[in-house]
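All remarks here apply to the structure that follows.
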Amino acid sequence: MYDNYQIHLQKQLTEIESAGLYKQERILVSPQGPQIRTNTGQEVLNFCANNYLGFSNDPRLIIAATQAMKTHGYGMSSVRFICGTTDLHKELETSISNFFGTEDTILYAAAFDANGGVFEPLLTDEDAIISDTLNHASIIDGVRLCKAQRFRYANADMNDLEEQLRQAQSCRFRLIVTDGVFSMDGNIAPLDKIKKLAEQYNAMIMVDESHSAGVIGKTGRGTTEHFNLIGQAEIITGTLGKAFGGAIGGFTTGKKEIIAMLRQRSRPYLFSNSIPPTVAAAGIEAFRIMNESTELLDKLHENRQYFVEQMTRIGYSIKPTQSGICAVMLGDAKLSQEVASRLLTEGIYVIGFYFPVVPQGQARIRVQLSAAHTHDQLVKAVDAFEKVGRDLKILP
Ligand SMILES: *Cc1c(COP(=O)(O)O)cnc(C)c1O
């Protein structure tokens, strides 16, 4: 039986490879951080991690995790509702609710699970989900698992959202779903306008703050803070795998009845293991640090601002951004791969994205800034971009 299937897979894999879409893994032998070492011995400056606040290797989080390992052990060997809940899990849920100004929080093994498990228990075929077309894959999959009627609006297009809301008026409940910051352009969802439309057309709001929490808003509380709408989205999902330590874990936070229902019915919560106590303890520490000071957040924005200014000065076309994501627009797919590969030779690790991940003709390098980048590292990155840009005649 496997013989035929093996040939079938080999053929598909070859197709993926010849289309230039085969994903390789780069093997790190150092901790995650602004400077990393790979198994080939190469040391590079890293501009493609979601390590926005530098928490991935922050000594304070490491101490918190180590401490928890001593007091609470290694693994939970259980889902939350059987014997997978410790005081640390409850404390982290409270920390998250306090941080976002929400009523209650439920933890998941990942934001992918939070999104995968949020729709199906809450909505039925009588209801409508109105989703931004550029929402994360986990939202798309979560929506697929739910029987609610599906409506899609063009990215951040409020005319289209209004049209979809009109079409969904006969449904019982309506839920508008958006990423807080979109991962390819780094643009912020227009939550203020979404809120107005939600009021006008009687809809609820869900925001996935995975790329925006810890990054957007005066104190890093995400898009609801940015637009002065703390506590006004019914549902927020987010990850511990990006700004807040980068280990693993996700959450849904929001109205208490919603969270209560998820604890009863959300399948990734009921049928998947609890996050380890180390991760919960480090998460608590990350939110504590964020509550105490905006130092890291300010540093991230200072770094992003400097990088954007310098890249614009030397002549690159940059998508407007207020997030940790900076899209350096190149247009041509091949060119984006060539630039990324030459930058790597210069010791700068970035990824080039092209169709179908981004629209045709809008290939780009996505640069992700971090509070952990030093000024010197940013200067090196800009210099490398300048050299490669000149060599490839992208820049004058
Ligand atoms: C990264 C990301 C996720 C998935 O987060 P994990 O915790 O790694 O599963 C979900 N939604 C958005 C918008 C993301 O950017």
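All heavy atoms count here, side chains included; hydrogens, waters and symmetry mates do not. This chain uses plain numbering: 1 for the first residue, then up along the sequence. Start at 1 and go down the list; that is how both ligands and their atoms are numbered.
Sequence neighbours left out, the pairs with a member in residues 106-117 that pass side chain to side chain donor-acceptor pair (under 3.5 Å) are Tyr108-Ser266, Asn115-Ser138, Asn115-Asp208, Asn115-Thr237.
A salt bridge links Glu163 and Arg166; the closest N-O separation between the charged side-chain nitrogens and carboxylate oxygens is under 4.0 Å. Look at Lys196 and Glu162 and you find no salt bridge, because none of the NZ, NE, NH1 or NH2 atoms lies under 4.0 Å from a carboxylate O.
For the side-chain hydrogen bond (donor to acceptor under 3.5 Å, both in side chains) test, no residue two or more places apart in sequence or in another chain qualifies with Gln322. With sequence neighbours excluded, the residues forming a side chain to side chain contact (heavy atoms under 4.5 Å, CB included) with Val79 are Phe81, Ile82, listed by chain and number.
Looking at heavy atoms from C-beta onward, Lys380 lies in side-chain contact with Leu45 at the 4.5 angstrom threshold.
Residue-level contacts of ligand 1 at the 4.0 Å heavy-atom threshold are Ala110, Ala111, Phe112, Asn115, His136, Ser138, Asp179, Asp208, Ser210, His211, Thr239, Lys242, Gly249.
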